2 protein chains.
Amino acid sequence: MTPRSPRPRDRGIPEATVARLPVYLRALQGMAERGTLTISSEDLASIAGVNSAKLRKDLSHLGSYGTRGVGYDVDYLVYQISRELGLTQDWTVAIAGVGNLGRALANYGGFGTRGFRIAALFDADLRVVGDEVAGLVVRHIDTLEDVVGSEDVAIGVIATPAVSAQGVCDRFVEAGVTSVLNFAPVVLNVPPAVDVRKVDLSIELQILAFHEQRKADGQAPPEAGWIDATEKT
Amino acid sequence: MTPRSPRPRDRGIPEATVARLPVYLRALQGMAERGTLTISSEDLASIAGVNSAKLRKDLSHLGSYGTRGVGYDVDYLVYQISRELGLTQDWTVAIAGVGNLGRALANYGGFGTRGFRIAALFDADLRVVGDEVAGLVVRHIDTLEDVVGSEDVAIGVIATPAVSAQGVCDRFVEAGVTSVLNFAPVVLNVPPAVDVRKVDLSIELQILAFHEQRKADGQAPPEAGWIDATEKT
DNA sequence: CCTACTTTGTGCGTACTTTCACAAGGGCGT
DNA sequence: ACGCCCTTGTGAAAGTACGCACAAAGTAGG
């Protein structure tokens, strides 16, 4: 099993696993800061809110980085997960739309510290263009192509109103962006080579409403103990 | 039209389906506004960015609301999906944390129009308490219990810094909130009867980075046509 | 060196999801 | 009234994901 070749580098990590790696990473970074050297799958799983078998299976996709009887070396695992997620290199991000949401994103600390550099903020509203937000001057949306080209932006973030989203997306894609994070409540149309992920507040609330309604209809749901949120994604 | 048996009311709608219903609903509401009366699964699927077979199977969980040879009645389907999601009743929401993100959420239009009423905004920072945001006066976090109790808040939104999130969550839960939408980058601990959904910007970016890295490693990915974003959730 | 104990990595059964492909149902023109 | 054509609803297959339970592998102590 895994004859320790130069690189286990399995190119087929399940999507569900990829979505959990950032959670493990954050937990591990917290451990590292607190000076913990090693951690067992059981403990890490508990912090991350998942089943320990699932955690071990997830990590096994990256290679055999644990030590039986001991656990995982925290720093080493941080490095391996970071590398797998592509966080050992820097990614350049541009944000379109500087409303409250755009500002919240621009000021979000977790950006820079994790390999994401904000190259530019764009807006169409001339009352906002020229303002300084999070240390950057807001540029007019019509400079998008120039900036994306010269700064080699890989990820475009869309925080515009819904009506503008597809147009901005098209311009991002045309300019060479290959990943888009969409906060606007619309389904974006992109070529197959472009990845899109969406974050949609209204959808999340509606899903919660669905379950809330169930609880009301049914009645006393099973109440047992205090568990880690399974945070269904 | 469609006399239908009393209630197919299958209480077992798959989670994956529930997550897509809001997307269909939004697409249908757009159609309704534009005056479209009926729509085929093929067309609706295309707008929603999913496979038409998947759409039909999703809708089949709600009952048989289509007409063969014709398609679905837009208004009727809007109603059925709304009812299933619990949007025919109003849900009361409270938001904790009135930073840029909290403001963005409070000002987000899609709230009120879809059955979600914001009952209160809370913050711990005295410089913010008393401000008016989106027509509401920001209250001190210590009034959370009073308000949640008297306003019958069902959904708590956490838009605080990470360090405060678990504390606020505990107070929400203790006060009787049974659904939580968490924007803070932490894994929340809640009793089993409480639903938690998380929205985590940093995780989304890391997932995009992973795929971005793949594209770079590999090389020319298959480029074929122009498709609907599959927006992996 | 050998035994007892701990924790990983994974084989396997189960459950959920997606997709295909097609029979059944319903409208519409003649 | 009949038959053609369209679109739904669904059985079955294929692909994913999950979690149990345990053998393998490593530590620690005598």
Side-chain angles (χ1 to χ4, degrees), chain A residues 1-5 8 10-21 23-24 28 36-74 76-77 80-81 227-228 230-233, chain B residues 1-5 8 10-21 23-24 28 36-74 76-77 80-81 227-228 230-233:
Chain A
M1 158 264 306
T2 320
R4 286 272 153 250
S5 52
D10 183 2
R11 271 6 200 116
I13 298 181
E15 197 54 36
T17 294
V18 173
R20 284 187 294 265
L21 289 179
V23 178
Y24 305 154
L28 286 164
T36 308
L37 298 178
T38 65
I39 189 169
S40 69
S41 64
E42 201 70 53
D43 290 350
L44 180 53
S46 156
I47 295 171
V50 301
N51 175 302
S52 71
K54 180 149 68 181
L55 170 62
R56 288 197 297 276
K57 190 157 289 185
D58 282 343
L59 294 183
S60 78
H61 285 111
L62 314 191
S64 265
Y65 297 139
T67 304
R68 296 176 193 225
V70 177
Y72 299 89
D73 180 283
V74 173
Y76 188 52
L77 202 47
Q80 291 299 343
I81 295 178
I227 62 163
D228 284 312
T230 307
E231 303 197 343
K232 309 89 183 175
T233 309
Chain B
M1 148 268 303
T2 323
R4 276 300 128 258
S5 54
D10 182 0
R11 277 355 205 121
I13 298 181
E15 197 53 37
T17 294
V18 172
R20 283 185 295 265
L21 289 179
V23 178
Y24 305 154
L28 286 164
T36 308
L37 297 179
T38 65
I39 189 168
S40 69
S41 64
E42 200 70 53
D43 291 350
L44 180 53
S46 155
I47 294 170
V50 303
N51 176 303
S52 74
K54 179 149 67 181
L55 171 64
R56 287 197 298 278
K57 186 150 288 186
D58 282 344
L59 293 184
S60 78
H61 286 109
L62 314 192
S64 263
Y65 297 140
T67 305
R68 297 175 192 227
V70 177
Y72 299 88
D73 180 283
V74 173
Y76 189 53
L77 201 48
Q80 291 299 342
I81 295 179
I227 60 163
D228 284 312
T230 306
E231 300 193 345
K232 309 90 182 171
T233 308

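Below, read A as the first sequence line, B as the second, and so on, with proteins coming before strands; counting in each chain starts at 1. From a predicted model like this one, the values you see are computed outputs, not experimental measurements. Computed from heavy atoms alone, side chains included, the values below leave out hydrogens, waters and symmetry copies.
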Roughly how many Å is it from [atom1] in [X] to [atom2] in [N], rounded to a whole number?
X     : N      : atom1 : atom2 : value
A/L55 : D/dA17 : CG    : P     : 16 Å
B/D58 : C/dC16 : CG    : P     : 15 Å
A/N51 : C/dG9  : CG    : P     : 15 Å
B/L59 : D/dG9  : CG    : P     : 8 Å
A/H61 : C/dG11 : NE2   : P     : 11 Å
B/L77 : D/dT8  : CG    : C1'   : 13 Å
B/D73 : C/dG26 : CG    : C1'   : 15 Å
B/R56 : C/dA23 : CZ    : P     : 15 Å

Under 4.0 Å from OP1 or OP2 of [N]: is there any side-chain N or O of [X] that close?
X     : N      : value
A/Y72 : D/dG26 : no
A/T67 : D/dG26 : no
A/S41 : C/dT8  : yes
A/R20 : D/dC18 : yes
B/S64 : D/dG9  : yes

Could you tell me whether the side chain of B/R68 has a donor or acceptor atom within less than 3.5 Å of a complementary atom in the base of D/dT7? no
message: With hydrogens left out and only the distance checked, is there a donor-acceptor pair under 3.5 Å joining A/K57's side chain and the base of D/dG19?
response: yes
Using a cut-off of 4.0 Å on non-hydrogen atoms, how would the nucleic acid contact of A/A16 be classed: base, sugar-phosphate, or nothing? sugar-phosphate
Measuring from [X]:[atom1] to [Y]:[atom2], what's the distance to the nearest 0.5 Å?
X     : Y     : atom1 : atom2 : result
B/R20 : B/E15 : CZ    : CD    : 10.5 Å
A/L44 : A/L28 : CG    : CG    : 5.0 Å
A/Y76 : A/T38 : OH    : OG1   : 15.0 Å

Picking from C/dT17, C/dT10, D/dT10, the nucleotide nearest the side-chain atoms of B/S60 would be D/dT10
- Heavy-atom distance under 4.5 Å between the side chains of A/I39 and A/L77, does that happen here? no
* **Side chain proximity check, A/L62 to A/L21, heavy atoms < 4.5 angstrom** => yes
